[in-house]
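Before any comments, here is the structure.
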Number of protein chains: 2
Amino acid sequence: MKFSTRVRYGSRAMVDLALHRSDGPVSLQVLADEQQIPERYLAKIIQDLRRSGLIRSVRGAHGGYALNRRPEETTLLDVWEALEGPLCPVECLEADSGCAMQAECVTRDVWDRIALAMAQVLKSASLAGLVRRHRQKVG
Amino acid sequence: MKFSTRVRYGSRAMVDLALHRSDGPVSLQVLADEQQIPERYLAKIIQDLRRSGLIRSVRGAHGGYALNRRPEETTLLDVWEALEGPLCPVECLEADSGCAMQAECVTRDVWDRIALAMAQVLKSASLAGLVRRHRQKVG
DNA sequence: CCTTAATAGCACAAGCTTCACCTTTTTAGT
DNA sequence: ACTAAAAAGGTGAAGCTTGTGCTATTAAGG
C-alpha cells in the first residue's frame, strides 16, 4: 500500500502555495516545475483542491492559484479529504458498510485505530506549521 | 487510499487459522468460506504467507494450512510485511529513494510520522491478542 | 481589437490490483 | 493401484490509478 500520488502531489503543491503566499497567484507551470510534478496531472489534482475551496484560481494572463484561507486554517487532513474523500482505509469502517461480520471482526478494530492515528497526525500538520518548519530547514 | 485487500484478507485468514489452531490444518475452501473471501484469490495471498514462513501447508487429501509459530509470536505487522513488503507508504521514505528534494521536504516528515504510527498499531496486534479479543466478543 | 498566457475540461493510454480459470502435483483412504 | 481431496502454479480479464494530449475558455496588455 502506498499513499496516492494525488495526496502527495497535492500536499506539496499546497505547501508551495503557502510559501508563495505574498507573491500573488502562482501559475501551474511554476508550481509543477518547482515541485517536480507532471504538469497536466497536477492540473487535475489542483482542480479538486479548487472545487473544495482550499484554493482559488485566477484565469487568463498572469493568472494562477493561491490559498483561499489563512495557512493556519488548512491542514493536510483537509487536503487529503479534498483529494480522496473521508479518510477511511477500509470500507468496513464506513457507517453503512453492511459487512455481515462487523460485530465479530477483530481486525476491523485495528484498522480503526490506524485510521484514527493517521487522522491525528494529518490534522496536526497545518500549512502554517509546515511553512515554519520549511523555513527552519532551508534557512 | 485504501489498504490492499491482500492485507485485509490475509489478516482475517491468519486470525481464523489462530482460532482453529488445535483442529489440524484448515483447507483453503473452509478458510475462504468462513471469511467470505474469493477462494482463488485467497490461494494466491496464502502462498505469500507460506513463503514468508508465517504458515505451513499440508498437501494432499485432508491437507490445508496452519500457523507456523505460536500466536504470540506473529503480529499484523508481520502479515503486512509478508504481503506488501516493508511498511512504507511513500517511496521517498526508503533509504536510497534518491529524491532530490528530500532534505527540504516537509511533507516527508509527516508521512514518516504516519508510517511510524501505523507500524506501532500493527505491531501491538498479535494473533494471540486478536484471538482473545474475538473470544470476548462472540463469547 | 488582437495576441498571448493561462486555467478548464474531456478523452485516451499504460500499469497495477483484484480477481477467475485451468492444469499439475501431492497424499489419504480404499 | 485407484480415486478423491487438496495445495501449487501459470495465464488472462476487469477496473482503478496515474498519467498524456488536445481543445475550449478566460483575461491582461499593447
Side-chain angles (χ1 to χ4, degrees), chain A residues 1-13 17 20 23-68 80 83-85 88-91, chain B residues 1-13 17 20 23-68 80 82-85 88-92:
Chain A
M1 189 271 322
K2 291 275 189 259
F3 295 160
S4 71
T5 60
R6 286 173 60 79
V7 164
R8 296 192 291 109
Y9 289 168
S11 298
R12 274 157 53 194
L17 288 181
H20 285 90
D23 305 350
V26 183
S27 76
L28 183 64
Q29 194 185 350
V30 167
L31 217 51
D33 194 51
E34 284 189 1
Q35 294 295 326
Q36 310 259 48
I37 299 172
E39 185 176 329
R40 311 284 181 171
Y41 188 36
L42 181 58
K44 296 220 298 202
I45 295 168
I46 225 164
Q47 288 311 312
D48 287 334
L49 294 172
R50 181 182 60 84
R51 277 189 279 265
S52 33
L54 296 183
I55 62 177
R56 61 174 180 277
S57 69
V58 181
R59 299 186 66 161
H62 299 92
Y65 303 91
L67 293 188
N68 204 20
W80 185 292
L83 295 177
E84 301 222 7
C88 177
V90 305
E91 266 186 36
Chain B
M1 188 273 320
K2 292 274 190 255
F3 295 160
S4 71
T5 61
R6 286 173 60 78
V7 165
R8 296 193 291 109
Y9 289 168
S11 298
R12 273 158 52 194
L17 288 180
H20 284 90
D23 304 350
V26 183
S27 76
L28 183 65
Q29 194 185 351
V30 167
L31 217 52
D33 194 51
E34 284 188 0
Q35 294 294 326
Q36 310 260 49
I37 299 171
E39 186 176 329
R40 311 288 180 164
Y41 188 38
L42 181 57
K44 292 286 189 53
I45 295 169
I46 225 163
Q47 288 311 313
D48 287 335
L49 293 172
R50 181 182 60 83
R51 277 189 278 266
S52 31
L54 296 184
I55 62 178
R56 61 175 179 276
S57 68
V58 180
R59 299 187 64 163
H62 299 91
Y65 302 93
L67 293 188
N68 204 19
W80 184 292
L83 296 177
E84 302 222 5
C88 177
V90 306
E91 266 187 36
C92 65

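Each chain gets a letter, A, B and so on, in the order the sequences are listed, and its residues count up from 1. Note: hydrogens, waters and symmetry copies are ignored here, and every other heavy atom, side chains too, is used.
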Using heavy-atom distances to pick each residue's nearest nucleotide on DNA chain D, tell me which of A/R40 and A/R8 is more 5'.
A/R8
Counting only side-chain N and O atoms of A/S27, is one of them less than 4.0 Å from OP1 or OP2 of C/dA5?
no
Between D/dC16 (C1') and B/K2 (NZ): distance, integer Å:
13 Å
Using only side-chain N and O atoms of B/S4, determine if any of them is under 4.0 Å from OP1 or OP2 of C/dT17.
no
Take the protein atom NE2 of B/H62 and the nucleotide atom C1' of C/dG29, then report the distance between them rounded to whole Å.
8 Å
B/R50 side-chain N/O to D/dA8 phosphate OP1/OP2 under 4.0 Å:
yes
Polar side-chain atom of B/R12 near backbone of B/Q35 as donor-acceptor pair, under 3.5 Å
yes
Side chains of A/Y41 and A/T5, donor plus acceptor under 3.5 Å
yes
Expressed as a whole number of angstroms, how long is the span from B/I45:CD1 to D/dA8:P?
14 Å
What distance separates B/L42 CG from B/Q47 CD, expressed to the nearest 0.5 Å?
10.0 Å
Separation of atom CD in B/Q29 from atom P in D/dA7, rounded to whole Å
9 Å
Whole angstrom value for the distance that separates C1' of C/dC19 from CD of B/Q36:
16 Å
note: A/D48, atom CG; C/dG9, atom C1'; distance rounded to Å ~ 12 Å
If you round to the nearest 0.5 Å, how far is CG of B/L49 from CD1 of B/I55?
5.0 Å
Calculate the interatomic distance between B/R56 atom CZ and C/dT27 atom P; express it in whole Å.
15 Å
Touch class at under 4.0 angstrom, heavy-atom based, for B/R51 against every strand present
sugar-phosphate
Classify B/L28 by what it touches in the nucleic acid, base, sugar-phosphate, or nothing, heavy-atom distance under 4.0 Å.
sugar-phosphate
As an exercise, state the distance from CG of B/L83 to NZ of B/K44, rounded to the nearest 0.5 Å.
13.5 Å
Return the value, rounded to whole Å, for the distance between atom CG of B/L49 and atom P of D/dA7.
14 Å
Check this one for me: any side-chain N or O of B/Y65 less than 4.0 Å away from OP1 or OP2 of D/dA8?
yes
Can you check whether any acceptor in the base of C/dG9 is under 3.5 Å from a donor in the side chain of A/K44, or vice versa?
no
Among the candidates D/dG19, D/dG9, C/dG9, find the nucleotide nearest to the side-chain atoms of A/Y9.
D/dG19
Taking C/dA8, C/dC19, D/dC22 as options, the one with an atom nearest any side-chain atom of A/R59 is C/dA8
Hey, which of these two, A/R6 or A/A61, hits DNA chain D nearer its 5' end, going by closest nucleotide?
A/R6
Proximal nucleotide (of D/dA7, C/dA6, D/dT18) relative to the B/S57 side chain
D/dA7
